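The structure under discussion appears below in the form of structure tokens.
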Amino acid sequence: FTEAEFYQQNFDPQEYLKEFYSMSNCWEGASAFMMQNLRILHKIFSLDGLRGDILIDVSCGPTIYQLLSACEHFQEIIALDYTDRNCRELEKWLKNEAGAFNWEPVVKYICELEGDREKWAEKQEKLRKNVKQVLKCDVTKANPTGRMSLPPADCIVPTLCLEGACKDLATFCSALRNISTLLKPGGHLVMLTALGDSYYTFNKQTFSCLCLQNHEVEEAVVAAGF
Ligand code: SAH
């Protein structure tokens, strides 16, 4: 099992982005997976009820793809992750700093799904404006943001994170309970979970993944009180 401290020391955000999110450079399986996830997120965030003020991205890593559809419906986005380097990498993109990852192909793809590929620059600006804070969190803690208390969210979005952060199903259930404290009563959970994988690799490093089946995730979500 990959401890959080291993993430803090070894998870290289730029290598992660290059491996899984470069669309042109990354292996075909990765870009197919990402495009499928973008289509799913696009569909979910098109649902009528999925609106509100505050959205919290749980374990955002260095990525923004998961926020591209969401940012049309939530004005205040708070991004959380465990590692300093991931938070920093995300901030780099938000501030449009030199050396930030190029999300353009991904943004264009989602804009195309939404009906107008030409709106990509506008969407980037909207997302940059809507992400108000990037903070540290630990989903294995009862209070994931420690002493920092956040405004309760209308929606929380953990993507591809709890299965990496949790060593077994019991921990996965309690992590779901922990992050549910970030949510308003009646708020929405939008979760992307890898099923049936027990690890992932990039940059010659292997990270564990809790091997989950669909029904286990569904039961855990219900058990956590969602
Ligand atoms: N959401 C992104 C990143 C997933 S990678 C995506 O969809 O691609 C897994 C992320 O989980 C990493 O960013 C890592 O820093 C984070 N993570 C690992 N252990 C964690 C913990 N205990 N609490 C919060 N985040 C954790």
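First listed ligand is number 1; within each ligand, the first listed atom is number 1. What you see is a predicted model; the values in this text were computed from it and never measured.
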Problem set entry | Parallel, tilted or perpendicular: ring planes of F207 versus Y200, cut at 30 and 60 degrees | parallel

Q. How are the rings of F11 and F202 set relative to one another: parallel (under 30°), tilted (30 to 60°) or perpendicular (over 60°)?
A. perpendicular

Students should be able to answer this: which protein heavy-atom is nearest to [atom], and at what distance?
{"atom": "atom 2 (C) of ligand 1", "answer": "C60 O, 3.2 Å"}
{"atom": "atom 7 (O) of ligand 1", "answer": "Y65 OH, 2.6 Å"}
{"atom": "atom 22 (N) of ligand 1", "answer": "D138 OD1, 2.9 Å"}
{"atom": "atom 23 (N) of ligand 1", "answer": "V139 N, 3.0 Å"}
{"atom": "atom 14 (C) of ligand 1", "answer": "Y7 CD2, 3.5 Å"}
{"atom": "atom 17 (N) of ligand 1", "answer": "Y82 CB, 4.0 Å"}
{"atom": "atom 9 (C) of ligand 1", "answer": "L160 O, 3.6 Å"}
{"atom": "atom 15 (O) of ligand 1", "answer": "D81 OD2, 2.8 Å"}

Is a side-chain donor-acceptor pair under 3.5 Å present for [Y] with [X]?
{"X": "Y109", "Y": "R39", "value": "yes"}
{"X": "Q8", "Y": "D84", "value": "yes"}
{"X": "Q66", "Y": "T63", "value": "yes"}

State plainly whether the residues K123 and E114 are in salt-bridge range, i.e. N to O under 4.0 Å. yes

Is the backbone of [Y] close enough, under 3.5 Å, to the side chain of [X] for a donor and an acceptor to pair up by distance?
{"X": "D116", "Y": "E118", "answer": "yes"}
{"X": "N130", "Y": "F74", "answer": "yes"}
{"X": "S69", "Y": "F45", "answer": "no"}

Notebook entry, point to check: Transitively linked via ILVMFWY side-chain contacts under 4.5 Å: V190 with I54?
Noted result: no

Q.
Are Y65 and L80 connected into the same hydrophobic cluster when the rule is that any two of I, L, V, M, F, W, Y join if their side-chain heavy atoms are below 4.5 Å apart?
A. no

Looking at [X], which atoms of ligand 1 are within less than 4.0 Å of one of its heavy atoms?
{"X": "T83", "result": "15 (O)"}
{"X": "A165", "result": "19 (N), 20 (C), 21 (C), 22 (N)"}
{"X": "T159", "result": "1 (N), 2 (C), 4 (C), 6 (C), 7 (O)"}
{"X": "Y16", "result": "3 (C), 4 (C), 5 (S), 6 (C), 8 (O)"}
{"X": "T63", "result": "2 (C), 6 (C), 8 (O)"}

Sub-3.5 Å N/O-N/O distance, [X] and ligand 1:
{"X": "A4", "answer": "no"}
{"X": "Y200", "answer": "no"}
{"X": "Q66", "answer": "no"}

**Message:** When you measure from the heavy atoms of C137 to every atom of ligand 1, does any distance fall below 4.0 Å?
**Reply:** yes

(request) Give a yes/no verdict on whether any heavy atom in Y21 is under 4.0 Å from an atom of ligand 1. (result) yes

- request: Decide whether a cation-pi geometry holds between K136 and Y82; the criteria are a distance under 6.0 Å from NZ or CZ to the six-membered ring centre and an angle within 45° of the ring axis.
  value: yes

Among G61, A79, S59, the residue with a heavy atom nearest to atom 1 (N) of ligand 1 is S59

